[in-house]
Amino acid sequence: MAKPGYGKRSAPDQQARTRHDVALLPTRERYIAGFVDHLPGGAAMSVKTLAKQLPLYGQQAISTALTALSVAGHLRRVRCAVVGAGDETRWVFRTFWSRTARDNEWWNTYLATEKAALAAAPAPEASVPGRQPPPWAPAEELLPPPAPEGPRTKQTPEPTAVPHQRTPAHAPDDKPAPPAPGTVPAPPWASEAGRSPAYLALARLGRDDHRLTLSADDCAALEPQAAQWLARGVSVDYLISALTAGLPAKVDSPLGFVRRRLTDKIPPRLTTENTQPTTPAPTRRLLMECTGCGRPGRPEALPDGLCRPCRATHPGSVEEENSPHPAEIADVKAHMNNLRDLLKPV
């Protein structure tokens, strides 16, 4: 019966099991309470599941009996959010059971403690073999372990003997010689001609627009500034478009014009780290629900585990006990009529 859904959770500090635990309840409630009390932890406690296990009563009778047990202080139903794969939130329903009857103050304090413990618990991590799921997580069907592989009966073939081949006395040197100690290796962005992308981008300016034709000495002088642009994460095409956009009709000094644009329009430095804000771990909430209709609410708003409409219709609840009896209402009306008759003038 340990299936996802209404799972049983035993309340702490219960008295030892005796024959007189629920002796004051009606026969149907005693029968269902004894069955629920012997269920293991995590067992499903939905009305349909209990109706399948208890052939003497139907779903309507079991629902009424569970409501009576909630009013008597033996159970409370709650729902809690469980975060699954891909931040998918599912609501899992749990039923807290106490063999010893508890009042509303005890249940409110206990559920508040459970809610605080659930909020302080760490977020569920990925499933690790051998780790037990948390008590608020739904029970999953366990997959059978894979069957062990049988012993191999076939022998691995022995490697075929390869005749020894002669190697030439002087093998051709295919690998490049290692650099001499003390020499600085060429940067990875250097081209075959030994020019950097920044230098080549400056050399392309004159081909794209004749007004920015630069000499070899001009490109070498502006190469450090252009390399700063590329070091900040921009591409060569972006560098060329930024330097050639909005040119005047005549450029007297291409070297000074390009140097000024490299200085004034330098882009901001982009960090290589992931700048996306980390999503905070979702808070797992615990809500109490009405035993009769399943309406969620705070424990203080659901005395006896029932909402206001269910308390008004259920006999023996707090709302029913506090409401006046119809006979008492009739007596009050008769008494008021007598007082009015006495106040009339003779």
Side-chain angles (χ1 to χ4, degrees), residues 1-47 49-51 53-54 56-57 61-80 82 92-121 132-139 284 286-292 294 296-306 310-311 314 316-318 321:
M1 296 181 63
K3 300 178 181 179
Y6 287 93
K8 177 187 175 183
R9 294 285 303 278
S10 298
D13 302 334
Q14 299 188 37
Q15 298 179 1
R17 185 181 288 113
T18 61
R19 299 178 58 182
H20 307 286
D21 291 332
V22 288
L24 300 179
L25 296 178
T27 304
R28 181 182 61 186
E29 281 72 12
R30 289 202 309 268
Y31 180 77
I32 296 178
F35 179 79
V36 171
D37 188 34
H38 287 79
L39 288 177
M45 285 188 57
S46 64
V47 175
T49 304
L50 293 178
Q53 301 294 327
L54 302 175
L56 296 180
Y57 302 103
I62 291 178
S63 177
T64 305
L66 292 179
T67 304
L69 292 175
S70 177
V71 173
H74 291 283
L75 65 88
R76 290 291 187 271
R77 278 181 172 171
V78 300
R79 60 176 67 179
C80 57
V82 177
V92 178
F93 301 89
R94 294 293 177 186
T95 302
F96 289 93
W97 169 260
S98 175
R99 183 171 53 254
T100 304
R102 308 291 187 179
D103 55 4
N104 293 322
E105 288 74 12
W106 188 93
W107 279 113
N108 294 343
T109 304
Y110 174 68
L111 294 179
T113 305
E114 286 288 324
K115 183 178 181 180
L118 185 62
Q132 297 293 335
W136 56 82
R284 289 171 291 185
L286 186 144
L287 296 176
M288 184 176 171
E289 67 173 10
C290 176
T291 309
R298 296 180 294 106
E300 296 80 7
L302 300 175
D304 294 338
L306 301 177
C310 293
R311 289 198 307 271
H314 187 273
S317 61
V318 175
E321 293 176 358

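Any value given below was found using the heavy atoms of this structure, including those in side chains, with hydrogens, waters and symmetry copies removed. Note that the coordinates shown come from a computational prediction; the quantities given were computed from them, not determined experimentally. Positions are given from 1 along the sequence.
Distance alone, capped at 3.5 Å, is enough to place a donor-acceptor pair between the T100 side chain and the Q15 backbone. Of the possible donor and acceptor atoms, none in the side chain of S70 sits under 3.5 Å from a partner among the backbone N and O of L66. In terms of modelled atom types and a separation under 3.5 Å, the side chain of R311 and the main chain of L306 share a donor-acceptor contact.
When side chains are defined from C-beta on, T291 does not count as touching L69, because their heavy atoms never get closer than 4.5 Å. Between Y31 and L54 there is a side-chain heavy-atom pair separated by less than 4.5 Å. The shortest distance between side-chain heavy atoms of R28 and T64 falls below 4.5 Å.
Here the shortest heavy-atom pairing between A65 and I32 reads CB-CD1, 3.4 Å. The minimum heavy-atom distance between A16 and D21, with the atom names listed, is O-OD1, 4.0 Å. Between A72 and A101, the shortest heavy-atom distance links the atoms O-CB, 3.5 Å. When every heavy atom of A11 is checked against every heavy atom of W106, the shortest pair comes out as CB-CH2, 3.8 Å. The two atoms that bring R79 and P296 nearest to each other are NH1-CG, 4.1 Å, heavy atoms only.
Note: W107 and Y110 have perpendicular aromatic rings, judged against thresholds of 30 and 60 degrees for the angle between ring planes.
Qualifying salt bridge (charged side-chain N to carboxylate O under 4.0 Å, His left out) partners for R30, counting only residues two or more places apart in sequence or in other chains: none.
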Using the side-chain contact (heavy atoms from CB on, under 4.5 Å) rule, take F35 and L50 through it: C-alpha gap first, then chi angles, then the decisive distance, then the call.
-> CA-CA 9 Å; F35 179 79; L50 293 178; 3.8 Å; yes

Evaluate the criterion side-chain contact (heavy atoms from CB on, under 4.5 Å) for residue pair H74 and E29; output intermediate values, then yes/no.
-> CA-CA 11 Å; H74 291 283; E29 281 72 12; over 6 Å; no

For the pair N108 and R76, evaluate side chain to side chain donor-acceptor pair (under 3.5 Å) and give the outcome as yes or no after the intermediate values.
-> CA-CA 10 Å; N108 294 343; R76 290 291 187 271; over 6 Å; no

Step by step, would you call T95 with K8 a side-chain contact (heavy atoms from CB on, under 4.5 Å)?
-> CA-CA 5 Å; T95 302; K8 177 187 175 183; 5.6 Å; no

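Within a 6.0 Å sphere centred on CZ of R17, other residues, nucleotides and ligands contribute more than 12 heavy atoms. Environment of CG in L56: crowded, with over 12 heavy atoms of neighbouring residues, nucleotides or ligands closer than 6.0 Å.
The distance from the CG atom of L302 to the CG atom of L111 is 10.0 Å, given to the nearest 0.5 Å. Here the straight-line distance linking atom OG of S10 with atom CG of D37 works out to 7.5 Å at 0.5 Å rounding.
Exactly one residue among T109, L75, D13 makes a side-chain contact (heavy atoms from CB on, under 4.5 Å) with R102. That residue is D13.
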